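Everything on this sheet refers to the single structure shown next.
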Protein chains: 2
Amino acid sequence: MPATRKIFREFIARKGLKSTQQREIILDEFLRSGSHLSTEELYLRIRAKHPHIGYATVYRTLKLFAECGIAEPRHFGDGQTRYESTHAQEHHDHLICTGCGAILEFEDPGIEQLQEQVAAQHGFHIERHRLEIYGLCNKCLPSRTEAAQ
Amino acid sequence: MPATRKIFREFIARKGLKSTQQREIILDEFLRSGSHLSTEELYLRIRAKHPHIGYATVYRTLKLFAECGIAEPRHFGDGQTRYESTHAQEHHDHLICTGCGAILEFEDPGIEQLQEQVAAQHGFHIERHRLEIYGLCNKCLPSRTEAAQ
DNA sequence: CTTAAGATTGACAATCATTTTCAACCCAGG
DNA sequence: CCTGGGTTGAAAATGATTGTCAATCTTAAG
Ligand SMILES: [Mn+2]
Ligand SMILES: [Mn+2]
Ligand SMILES: [Zn+2]
Ligand SMILES: [Zn+2]
């Protein structure tokens, strides 16, 4: 987290941007809050303590976070962009429950490696990827099964 | 393709919907056109020959195609939904070039199997998944490399 | 063939997330 | 302090998609 702050400050400096109260407040709340929050969810949390901060500023700032690499944007099928902090989190992919919306994270070196292999076969240079598996989590599976019988 | 038509007709019948000129025309153009077309792209093609068909009807009809399984919706990061026909196409995933927008398809049984394994470890029941790999295709890689040097 | 109930359509308004505008305002360097 | 230029909040604009609704078409019955 200190590293995260440092990365953002240096990014700001390098780009000739400016360090502002709003950006600090938004970064604080972003790092404090749980992962996979939508822009709106983060905005609402911030507004509780800082009602003067505007919606557009939260949008703009989250894009800056993504640009400098301290946040990853995610798209889980509801029409909203969600962000998660990259600090102390290796790359990972997601299992998304279509029943309750739960999000499980996983990382599978085997899958990652096979992706490299596939890309190589096509002469393709990977910049990033996204693997999302949708289905029912272990809590939702039983209820769905009994509904069907 | 005949199977595709049949599937759609039966779906229409089963649901108590109706077979209309518009739906036939849209299905024709959908099957004739290339894959990964956005709704707008398909609409424009249709409009060339059938200017009376409305935008909303194309949207509605593509959703029907997806509902009965003859089309798969895709999201490649530009904000549009694209559809591809499932006829004569097994499930597959995509390599998307961030340089020229080219879309390469692939299918890797190893990756699919590892996904099953990961899901099983989490007691998760897979309904569907999406794997998208973004990067540079073999045409765009050279130009990017020389620009960087 | 005619009819009627109900599904469908096209034009257009409405949504929803996100972006842009722009005048007022704040930061950093001199 | 001062000033140039980045930043902000409010509101308007955007772009994809969906909802509305009166007119129209389908289909199965009569
Ligand atoms: Mn995550
Ligand atoms: Mn494809
Ligand atoms: Zn669940
Ligand atoms: Zn390319």
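Here the structure is a predicted model, which means the values were calculated and not measured. The chains referred to below are lettered A, B, ... by the order of the sequence lines, with proteins before strands, and numbering in each begins at 1.
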Does B:Lys63 place a side-chain N or O at less than 4.0 Å from the phosphate oxygens OP1/OP2 of D:dT17?
no

Working to the nearest 0.5 Å, report the span between CD of A:Glu116 and NE2 of A:His129.
9.0 Å

In whole angstroms, the gap separating C1' of D:dT8 from CZ of A:Arg23 amounts to 9 Å

Of the nucleotides D:dA11, C:dA7, D:dT18, which has the atom closest to the B:Leu17 side chain?
C:dA7

Between D:dG9, D:dT17, C:dT18, which nucleotide gets closest to the side-chain atoms of A:Ile53?
D:dG9

Using whole Å, what does the distance between atom P of nucleotide C:dG10 and atom CD1 of B:Ile46 come to?
10 Å

Measure from the side-chain heavy atoms of A:Lys18 and tell me the nearest of D:dG9, C:dA28, D:dT17.
C:dA28

Quiz question: by atom type and distance under 3.5 Å, do the side chains of A:Thr98 and B:Glu127 form a donor-acceptor pair?
yes

Of all the heavy-atom pairs spanning B:Phe8 and B:Cys68, show the shortest one and how long it is.
CD1-SG, 3.9 Å

Check every strand shown and say whether A:Lys15 touches a base, only sugar-phosphate, or nothing at a heavy-atom separation below 4.0 Å.
nothing

For the residue pair A:Tyr134 and B:Arg130, confirm or rule out a side-chain donor-acceptor distance under 3.5 Å.
yes

Which nucleotide in C:dC27, D:dT26, D:dT17 has an atom nearest any side-chain atom of B:Thr39:
D:dT17

In whole angstrom, what separates B:His75's NE2 from D:dG15's P?
20 Å

Does the separation of the ring centres of A:Phe30 and A:Phe65 fall below 6.0 angstrom?
yes

Atom-to-atom span, CD of B:Gln21 to C1' of D:dT24 - whole angstrom:
13 Å

d(OH, B:Tyr43; P, C:dT9) in whole Å:
14 Å

Distance only, no hydrogens: is a donor on one side chain within 3.5 Å (strictly under) of an acceptor on the other, for B:Glu105 and B:His36?
yes

Quickly work out the A:His52 NE2 to D:dT8 C1' distance and round it to whole Å.
11 Å

If you pin A:Gly54 and B:Tyr55 to their nearest nucleotides in DNA chain D, which one's is more 5'?
A:Gly54

Regarding A:Thr81, tell me which of base, sugar-phosphate or nothing describes its non-hydrogen contacts under 4.0 Å with the strands shown.
sugar-phosphate

Is any side-chain nitrogen or oxygen of A:Tyr59 closer than 4.0 Å to OP1 or OP2 of C:dT19?
no

Looking across every strand, which nucleic acid part, if any, lies under 4.0 Å from A:Glu40 by heavy atom: base, sugar-phosphate, or nothing?
nothing

Taking any heavy-atom pair under 4.0 Å as a contact, classify B:Arg60: base, sugar-phosphate, or nothing.
base

Using only side-chain N and O atoms of A:Gln22, determine if any of them is under 4.0 Å from OP1 or OP2 of D:dG9.
yes

Find the distance A:His50:NE2 to D:dG9:P and express it as a whole number of Å.
12 Å

Nearest whole angstrom, please: distance from the P of C:dT8 to the CD1 of B:Ile25.
16 Å

What nucleotide among C:dT9, C:dG6, D:dG9 has an atom nearest to a side-chain atom of B:Thr20?
C:dT9

Would you mind classifying the nucleic acid contact of A:Ser19 as base, sugar-phosphate or nothing, using non-hydrogen atoms under 4.0 angstrom?
sugar-phosphate

